[in-house]
Amino acid sequence: MLQDHMPQRYYFRLVSAEGSVEDPTGVMAANLNQAQVNALAAIAELRAAGELTERSGSWTLEIRDHQGTLLRCLRLD
């Protein structure tokens, strides 16, 4: 399928019991797996910068398409 090879924009949302953090910009990725790799790298950067701490509760990463459809949900325990 041609659509699988065309980059798409994916959006991320971090969700915890205390609230959520939206990514209004998103990233361009060739597929959902690449978007997940990019998101996990960004989360590692947030943790390294102290902006996302382990003590702030259990976080879930939601990956959505441009229409807001939930494509994947990952627990970040």
Side-chain angles (χ1 to χ4, degrees):
M1 294 180 111
L2 183 59
Q3 187 177 21
D4 291 339
H5 301 290
M6 295 177 60
Q8 298 180 57
R9 188 164 298 275
Y10 295 89
Y11 298 88
F12 309 112
R13 183 174 183 225
L14 286 170
V15 182
S16 76
E18 298 173 3
S20 64
V21 178
E22 299 280 342
D23 170 22
T25 306
V27 298
M28 293 298 289
N31 56 47
L32 182 56
N33 289 334
Q34 183 185 21
Q36 179 177 325
V37 168
N38 291 346
L40 293 176
I43 288 166
E45 290 176 16
L46 288 172
R47 284 183 169 157
E51 295 180 39
L52 182 65
T53 64
E54 301 294 335
R55 289 179 287 169
S56 51
S58 295
W59 288 90
T60 301
L61 170 68
E62 297 177 354
I63 303 175
R64 297 179 178 269
D65 67 10
H66 69 282
Q67 295 175 332
T69 303
L70 180 62
L71 303 173
R72 189 168 289 168
C73 189
L74 305 167
R75 292 193 53 82
L76 303 176
D77 295 331

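Computed from heavy atoms alone, side chains included, the values below leave out hydrogens, waters and symmetry copies.
Under the 4.5 Å side-chain heavy-atom criterion for ILVMFWY residues, a single connected hydrophobic cluster contains both Leu71 and Leu61. Note on Val21 and Leu74: same hydrophobic cluster, where clusters join Ile, Leu, Val, Met, Phe, Trp and Tyr whose side-chain heavy atoms are under 4.5 Å apart, directly or indirectly. Under a hydrophobic clustering in which Ile, Leu, Val, Met, Phe, Trp and Tyr are joined whenever their side-chain heavy atoms come within less than 4.5 Å, directly or via other members, Leu14 and Phe12 fall into the same cluster.
The shortest distance between side-chain heavy atoms of Leu76 and Leu40 falls below 4.5 Å. Considering only heavy atoms from C-beta on, Trp59 stays 4.5 Å or farther from Val15 through its side chain. Inter-residue side-chain proximity for Asn33 and Arg72 is flagged as met; some heavy-atom pair is nearer than 4.5 Å. Looking at Arg47 and Ile43, their side chains come closer than 4.5 Å, going by heavy atoms from C-beta outward.
Nearest heavy atom pair, residue Tyr10 against residue Asn31, reads OH-C, 3.3 Å. The shortest heavy-atom contact between Ala29 and Ala35 is CB-N, 3.7 Å. Ser20 and Arg13 make their closest contact through OG-NH2, 3.5 Å (heavy atoms, listed as atom of the first residue, atom of the second, distance). Taking all atoms of both residues into account, the shortest heavy-atom contact from Thr25 to Tyr11 is O-CE2, 3.5 Å. The two atoms that bring Gly26 and Arg9 nearest to each other are O-NH1, 3.6 Å, heavy atoms only.
Of the residues Glu62, His66, Gln67, the one that meets the side-chain hydrogen bond (donor to acceptor under 3.5 Å, both in side chains) test with Arg64 is Glu62.
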